[in-house]
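Below: one structure, written as structure tokens.
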Amino acid sequence: MTQLPSKSHGRKAIRPTLKPQSLMDEAPDLVGVWQARIITLFPDAFPGTLGLSLTGKALHEGKWQLHTHDLRGFGIGKHRNVDDTPAGGGAGMVLRADVVGPAIEDAMRAARGRWPLVYLSPRGAPFTQAMARDWARSDGVTMLCGRFEGVDERVLEHYGVQEVSLGDFVLTGGEIAAQAMIDATVRLLPGVLGNAASTEEESHSAGLLEHPQYTRPAEWMGRAIPDVLTSGDHGKVDAWRREMSEKLTQDRRPDLWDAYKK
């Protein structure tokens, strides 16, 4: 599945390949446009929520591109097997190296410049806002969505795959994690949000949690908007917001507060 933009923000890139047409994306790459390439057993899961709201609008306008690579297409034998039992025994199944390897090579064929290759794994480094900013500065990212008991370790070693975790919990597959990480990254691309300043005050952007937000009505259920926010004094507003961000971070995320104060 490839999302075709309605506007061209780059030039088509034509690359020779020996891979059968049935295993190729149907849409051409757009040079100079940030891309996400997803290796998955469930390509129909995409774009999912990435096709909605501002990320979906940006996708439609060609400000970024999404390509999926169906892991089943690289399966072995008549039944396109993609997994096998763990060496040494144990429960579950493991994605085969001779299946995942060719899929990675197919997905990375379009890579150019700085292009992270990521495996969504609960044992990986925690995904952070800083990581999202780093990926947004790259030319694109390729994500491998695991299933079952994981991926043959030799694949990760051979291709130098970066393991990244969405959090300290286990999902049935990497597709949901991939969508979350792509959303966090795409919204940082130029022109996606429209107001670049909005990303500077968000939680984690400056190492602190975001301050509370209010809007109309001025009073609701007996609760009024803090007077400072309606005072018209921008200096006092900024100071209040800073104070609240620090307080929230201290109370809710002492780990972030300790890192911020260093």
Side-chain angles (χ1 to χ4, degrees), residues 1-3 19-20 22-26 35-52 55 65-111 115-128 131-132 135 140-186:
M1 180 196 305
T2 299
Q3 300 301 310
K19 183 161 291 297
S22 61
L23 297 182
M24 294 176 58
D25 287 332
E26 296 179 358
Q35 293 185 23
R37 290 186 171 268
I38 313 299
I39 303 170
T40 173
L41 278 170
F42 299 97
D44 290 343
F46 296 87
T49 57
L50 297 173
L52 306 175
T55 54
Q65 281 193 304
L66 173 65
H67 302 268
T68 56
H69 299 259
D70 189 350
L71 195 58
R72 186 68 64 181
F74 299 88
I76 305 298
K78 177 181 177 181
H79 298 291
R80 297 287 186 182
N81 293 326
V82 298
D83 57 354
D84 211 330
T85 55
M93 305 290 281
V94 177
L95 290 173
R96 295 174 54 138
D98 54 355
V99 172
V100 178
I104 288 176
E105 292 186 9
D106 181 63
M108 293 301 288
R109 186 176 288 113
W115 195 292
L117 172 58
V118 175
Y119 170 46
L120 290 312
S121 166
R123 72 180 191 182
F127 181 71
T128 64
M131 196 177 294
W135 290 358
V141 63
T142 295
M143 293 183 171
L144 170 61
C145 297
R147 282 277 157 178
F148 316 124
E149 296 304 309
V151 177
D152 190 307
E153 188 72 17
R154 293 170 295 181
V155 173
L156 306 179
E157 294 172 351
H158 180 77
Y159 293 100
V161 181
Q162 176 187 6
E163 295 187 60
V164 180
S165 172
L166 187 62
D168 293 335
F169 50 86
V170 179
L171 299 171
T172 55
E175 287 75 16
I176 294 175
Q179 290 192 28
M181 294 179 192
I182 292 171
D183 181 88
T185 302
V186 166

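- Two residues are said to be in side-chain contact when any heavy atoms from C-beta on lie closer than 4.5 Å; Ile104 and Leu117 meet this criterion.
- Proximity of Val151 to Leu144: side-chain heavy atoms (C-beta onward) are separated by under 4.5 Å at one or more points.
- Nearest heavy atoms, Ala97 versus Pro102: O-CD, 4.0 Å.
- Smallest separation of non-hydrogen atoms from Pro43 and Thr68: CB-OG1, 3.7 Å.
- The line from CE of Met181 to OG of Ser165 is 6.5 Å long, rounded to the nearest 0.5 Å.
- The closest side-chain heavy-atom distance from Thr85 to Met93 is below 4.5 Å.
- Rounding to the nearest 0.5 Å places CD of Gln179 at 11.5 Å from CG of Leu166.
- Residues Leu41 and Val82 are in side-chain contact: their nearest non-hydrogen atoms beyond the backbone lie under 4.5 Å apart.
- Residues Ile39 and Val100 fail the side-chain proximity criterion, which asks for heavy atoms closer than 4.5 Å.
- Atom CZ of residue Arg37 and atom CE of residue Met108 lie 10.0 Å apart, to the nearest 0.5 angstrom.
- Just one of Thr49, Asp183, Thr185 meets the side chain to side chain contact (heavy atoms under 4.5 Å, CB included) condition when paired with Thr55; it is Asp183.
- In terms of heavy atoms, Gly140 sits closest to Pro116 at O-CD, 3.0 Å.
- With values rounded to the nearest 0.5 angstrom, His69 atom NE2 is found 13.0 Å from Met143 atom CE.
- No salt bridge links Arg72 with Asp70; every basic N to acidic carboxylate O contact stays at or beyond 4.0 Å.
- The nearest pair of heavy atoms linking Ala107 to Thr142 is CB-CG2, 3.9 Å.
- No more than 12 heavy-atom neighbours from other residues, nucleotides or ligands sit within 6.0 angstrom of CD1 on Ile176.
- Rounding to the nearest 0.5 Å places CD1 of Ile76 at 4.0 Å from CG of Asp98.
- Considering CZ of Arg80 and CG of Leu71, their distance stands at 11.0 Å, rounded to 0.5 Å.
- Of all heavy-atom pairs spanning Tyr119 and Gly150, the tightest one is OH-CA, 3.4 Å.
- At distances below 3.5 Å, not a single donor-acceptor pair connects side-chain atoms of Glu175 with backbone N or O atoms of Ile38.
- Of all heavy-atom pairs between Ile182 and Ala36, the closest is CD1-CB, 3.9 Å.
- Two residues are said to be in side-chain contact when any heavy atoms from C-beta on lie closer than 4.5 Å; Trp135 and Phe127 meet this criterion.
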